[in-house]
Amino acid sequence: MDIRFLGGAGEVGRSGFLLEGSKNILLDYGIKLDRKTEYPEQADRVDAVVISHAHLDHSGYTPTLYNSAFPAAFGTLPTRDLSELLINDSIKINRLQKTGQRFVKRELRELVNNYIPCNYRNPVEFGEYSVTLHDAGHISGSAITEIEGRKGRVLAYTGDFKPEPQTLHHGAELVKCDVLITESTYAMKDHPDRTQLRRKFIDHVKDVMDSNGVALVPVFAVGRAQEMLAMLQEEGLADRVFLDGMAKAATEIVMDYHGFIDNPQVLQKAMSNARWIQTPRDRSHALGGGTIILTTAGMLNGGPVLNYITKLNRNSHIFLTGYQAEGTNGRNLIEGRPLEIDEGTVRIKTPFSFYDFSAHAGRTDLFNYIRKAEPETVICVHGDKDNSEKMSEELKLEGFDAHAPKIGERMSIEF
Ligand SMILES: [Zn+2]
Ligand SMILES: [Zn+2]
């Protein structure tokens with residue numbers, strides 16, 4: 001079998017790995033949302049696509065497969081609905097930015113029509129292959145893909161995964177395999193201890209509210225928003241929360257399939273305690289102080305967060321909680337540059353902090369997971385070039401046949 005790396009190799013974003021065998025199976029097909037959107041290489045003949053999870057760097061380009069063909073799409077139900085939500089939004093953003101449309105709604109509808117919903121640990125036969133999804137512990141519906149060939153060899157693809165538990169997820173399931181395609185986002189960095197981080201974050205948020213400031217927490221609509229909401233509920237703070245942006249629709253989908261998360265009752269309570277922004281009056285109420293605003297976009301690139309960030313009172317604080325990609329306003333803020341808002345630039349004086357609530361495996365967990373999965377071959381993707389290459393070198397020293405491929409590369413594996 002050959003693997004072609006269409007994107008997401010030596011970079012974070014636009015993941016796309018094409019397995020070429022008796023059937024061609026594409027693992028993810030996403031876009032890269034930097035200053036301008038980047039796309040993976042074209043996939044020629046695709047018999048099926050597996051979508052590991054809804055984030056656009058894994059799902060965002062899948063509709064292009066349905067221009068003139070109808071490949072099967074495998075994934076969980078939350079992934080189907082959350083992808084549809086995020087892809088629809090990306091169509092809108094593209095239209096606003098006039099960046100040119102790569103696909104239209106009809107193709108997105110075809111994706112949904114050809115979707116085969118999978119439950120975790122339930123093998124689905126596809127030609128001579130057997131495809132099984134396992135809980136990846138990253139966001140609702142996220143999956144580690146296991147593909148078994150006729151000769152009994154097993155290939156696993158982690159997608160984005162987290163072995164350590166979060167409020168709404170227990171850790172990723174271990175999948176023993178011969179070939180492992182793994183993310184390497186944090187191959188060189190461990191995350192801080194989650195319990196301590198949470199304590200520090202909550203104390204800080206309370207301090208800001210006690211001085212009548214606004215705790216502005218920019219979040220990704222899918223994943224971080226629900227995780228933060230559940231955490232604030234557990235801390236008895238959900239009734240101080242105002243939610244804005246796409247997080248509402250995303251949280252509703254997550255609750256529709258509550259079997260895919262842990263502690264759904266906590267999220268349910270959080271939803272009824274928090275206030276959803278509906279009118280301009282709600283917005284000014286949220287800005288009144290002593291409040292927490294959870295809103296998209298997580299990297300401050302568009303979305304309602306930009307309505308708030310210039311209007312915060314002087315005791316307010318910005319809490320960044322996730323990865324801020326190169327070229328985004330979030331990165332601008334961290335590096336002391338002005339933000340680009342409505343075709344102008346604005347310097348933000350509100351202080352900010354970064355709390356590393358990552359939903360990805362940190363270095364120690366990543367290496368431990370690989371050791372326990374016991375593959376012969378490890379392929380490091382979804383990481384900056386440096387990270388993936390260093391990780392591959394270290395794995396070689398441990399005796400693995402490790403690789404850090406480049407985009408466009410093709411690799412043969414025994415399968
Ligand atoms: Zn993700
Ligand atoms: Zn990703």
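Everything numeric here is computed off the predicted structure, so don't read it as measured data.
- Contact check for I3 versus I413: side-chain heavy atoms found under the 4.5 Å cut-off.
- Taking 4.5 Å as the limit, some side-chain heavy atom of M391 sits within range of a side-chain heavy atom of T182.
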Derivation of the side chain to side chain contact (heavy atoms under 4.5 Å, CB included) call for L197 and F357
CA-CA 8 Å; L197 180 77; F357 283 104; 3.7 Å; yes
Stepwise side chain to side chain contact (heavy atoms under 4.5 Å, CB included) test for Y308 and V214:
CA-CA 10 Å; Y308 296 110; V214 175; over 6 Å; no
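- Remark: D193 CG is packed, more than 12 non-hydrogen atoms of other residues, nucleotides or ligands lying under 6.0 Å away.
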Given side chain to side chain donor-acceptor pair (under 3.5 Å), test S388 with S184 step by step and report yes or no.
CA-CA 6 Å; S388 304; S184 47; 3.0 Å; yes
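- Across L243 and A274, no two heavy atoms sit closer than the pair CD1-CB, 3.6 Å.
- When all heavy atoms are compared, the tightest approach of T158 to I144 is O-CG1, 3.6 Å.
- Residues passing the side-chain contact (heavy atoms from CB on, under 4.5 Å) test with R240, sequence neighbours excluded: M209, I292.
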Working note: F5 + K406, criterion side chain to side chain contact (heavy atoms under 4.5 Å, CB included); need CA distance, chi angles, decisive distance, verdict.
CA-CA 7 Å; F5 300 91; K406 296 183 186 65; over 6 Å; no
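- More than 12 heavy atoms of other residues, nucleotides or ligands sit less than 6.0 Å from atom NZ of K189.
- A distance-only check finds no donor-acceptor pair linking the side chain of Y66 to the backbone of N114 [under 3.5 Å].
- For the atom pair S140 OG and H258 NE2, the distance stands at 11.0 Å (nearest 0.5 Å).
- If you take OH on Y157 and CG on L133, they are separated by 12.0 Å, rounding to the nearest 0.5 Å.
- Counting heavy atoms from C-beta outward, V175 and Y369 have side chains that approach closer than 4.5 Å.
- Of all non-hydrogen atoms in I139 and G223, the two that sit nearest each other are CG2-CA, 3.7 Å.
- The closest side-chain heavy-atom distance from R198 to T167 is below 4.5 Å.
- Taking all atoms of both residues into account, the shortest heavy-atom contact from I25 to V50 is CG2-CG2, 4.0 Å.
- If you run ring-ring contact (aromatic ring centres under 6.0 Å, His included) between H138 and each of H169, H58, H382, H360, only H360 comes through.
- Interatomic distance, CG of L86 versus CZ of F220, reported as 11.5 Å (0.5 Å rounding).
- Q324 contributes a side-chain N or O that, together with a main-chain N or O of G322, makes up a donor-acceptor pair within less than 3.5 Å.
- Checking side-chain atoms of N329 against main-chain N and O of L339 turns up no donor-acceptor pair under 3.5 Å.
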For T328 and N301, run side chain to side chain donor-acceptor pair (under 3.5 Å): C-alpha distance rounded to whole Å, both residues' side-chain angles, the deciding distance at 0.1 Å, then the answer.
CA-CA 6 Å; T328 61; N301 261 16; 5.1 Å; no
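- Within a 6.0 Å radius of CZ in R121, no more than 12 heavy atoms belonging to other residues, nucleotides or ligands are found.
- Checked by atom type and distance alone, the side chain of R224 never pairs as donor or acceptor with a backbone atom of G298 at under 3.5 Å.
- Inter-residue side-chain proximity for L155 and C177 is flagged as unmet; no heavy-atom pair is nearer than 4.5 Å.
- A donor-acceptor contact shorter than 3.5 Å is absent between the side chain of N94 and the backbone of Q101.
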Derivation of the side chain to side chain donor-acceptor pair (under 3.5 Å) call for D160 and H53
CA-CA 8 Å; D160 293 351; H53 66 291; 3.1 Å; yes
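- A side-chain N or O of D28 and one of S52 form a donor-acceptor pair less than 3.5 Å apart.
- Taking the side chain as every heavy atom from C-beta outward, L287 and N313 never approach each other to under 4.5 Å.
- Partners of D256 under the side chain to side chain donor-acceptor pair (under 3.5 Å) rule, at least two apart in sequence or in another chain, do not exist in this structure.
- Figure legend: R371 and F367 shown without cation-pi pairing, the cationic atom not lying both under 6.0 angstrom from the six-membered ring centre and within 45 degrees of its axis.
- F242 and H285 have tilted rings, their planes meeting at an angle from 30° to 60° on a 0 to 90° scale.
- When atom types are taken as modelled, the side chain of D262 and the backbone of H170 share a donor-acceptor pair closer than 3.5 angstrom.
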As a quick check of understanding, evaluate side chain to side chain donor-acceptor pair (under 3.5 Å) for Y61 and R102, giving each step before the final call.
CA-CA 8 Å; Y61 211 45; R102 296 289 180 119; 3.2 Å; yes
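- For the pair T377/D178, no side-chain contact is recorded, criterion being any heavy-atom separation below 4.5 Å from C-beta on.
- Applying the salt bridge (charged side-chain N to carboxylate O under 4.0 Å, His left out) rule to pairs touching residues 318-331 yields E326-R331, R331-E335, sequence neighbours excluded.
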Considering only distance and modelled atom types, tabulate donor-acceptor pairs under 3.5 Å from the side chains of residues 105-112, sequence neighbours left out.
unit_1 : atom_1 : unit_2 : atom_2 : d
K105   : NZ     : N88    : OD1    : 3.3
E107   : OE1    : V104   : N      : 2.8

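- Counting only heavy atoms from C-beta outward, the side chains of H191 and Y186 approach each other to under 4.5 Å.
- With hydrogens and angles disregarded, no donor-acceptor distance shorter than 3.5 Å links the side chain of D135 to the backbone of Y120.
- Residues satisfying the side-chain contact (heavy atoms from CB on, under 4.5 Å) criterion with E164, sequence neighbours excluded, are K162, R194, D365.
- Between H317 and F319, the ring planes are tilted. Angles from 30° to 60° get that label.
- Looking at every heavy atom in both residues, R4 comes nearest to E20 through CD-OE2, 3.7 Å.
- Rounding to the nearest 0.5 Å gives a distance of 4.5 Å between CD of E227 and CG of L168.
- For D282 (side chain) and T279 (main-chain N/O), a donor-acceptor pair under 3.5 Å exists by modelled atom type.
- Under a cutoff of 6.0 Å and an axis angle of 45°, K23 and F126 form a cation-pi pair.
- Rounded to the nearest 0.5 Å, atoms CG (N24) and CE (M1) are 8.5 Å apart.
- Interatomic distance, CD of Q226 versus CG of L294, reported as 10.0 Å (0.5 Å rounding).
- Evaluation of the side-chain contact (heavy atoms from CB on, under 4.5 Å) rule for S83 yields I51, A54, S59, T79, I87 as partners, not counting sequence neighbours.
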Checking side chain to side chain contact (heavy atoms under 4.5 Å, CB included) for the pair V154/K176: CA distance, chi angles, key distance, verdict?
CA-CA 8 Å; V154 173; K176 299 248 184 194; over 6 Å; no
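- Between K206 and E235 no salt bridge is recorded (no basic side-chain N to carboxylate O distance below 4.0 Å).
- Using modelled atom types, one side-chain atom of E11 and one backbone atom of G8 make a donor-acceptor pair closer than 3.5 Å.
- Residues T251 and M271 approach most closely at CG2-SD, 3.5 Å, considering heavy atoms.
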